[in-house]
Amino acid sequence: MRGAWTFPLAVLFVSGCGINQQPTPSMVTHCETPRPQVCTMEYVPVCAYPLAGGTKEYSSGCNACADEAIAVYIPGPCSNYGK
């Protein structure tokens, strides 16, 4: 049984779980109009960039774009990007 965990653990340590990776332009999703009025209750965290600057984490891209102050978001929690 011990050997069954060796490969998945090795992949986890090598990949680093995406922590502190740099976002690329292909990862950016732009919020479109009309903005969502209702979002499903799902947890797929995103790191959003408000028009005023900084970052803010939302539970989903839908929730991020429902906020008029958000222009774009990238997948994953902001902590993945050192924010």
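Here the structure is a predicted model, which is why all the values come from computation and not from measurement.
- The shortest heavy-atom contact between Cys47 and Pro77 is CB-C, 4.2 Å.
- Tracing side-chain contacts under 4.5 Å through hydrophobic residues (I, L, V, M, F, W, Y), one reaches Val72 starting from Tyr81; they form part of the same cluster.
- Minimum heavy-atom separation, Ser79 to Glu57: N-OE1, 4.3 Å.
- The shortest side-chain heavy-atom distance between Tyr49 and Ile70 does not fall under the 4.5 Å cut-off.
- Of all heavy-atom pairs between Tyr73 and Ala64, the closest is CD2-CB, 4.3 Å.
- Shown here are the side-chain contact (heavy atoms from CB on, under 4.5 Å) partners of Glu42, two or more places apart in sequence or in another chain: Thr40, Val44, Ser60.
- In terms of modelled atom types and a separation under 3.5 Å, the side chain of Arg35 and the main chain of Cys65 share a donor-acceptor contact.
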Ignoring hydrogens and angles, write down the donor-acceptor pairs under 3.5 Å from the side chains of residues 23-34, residues two or more places apart or on other chains.
unit_1, atom_1, unit_2, atom_2, d
Thr24, OG1, Ser26, OG, 3.2

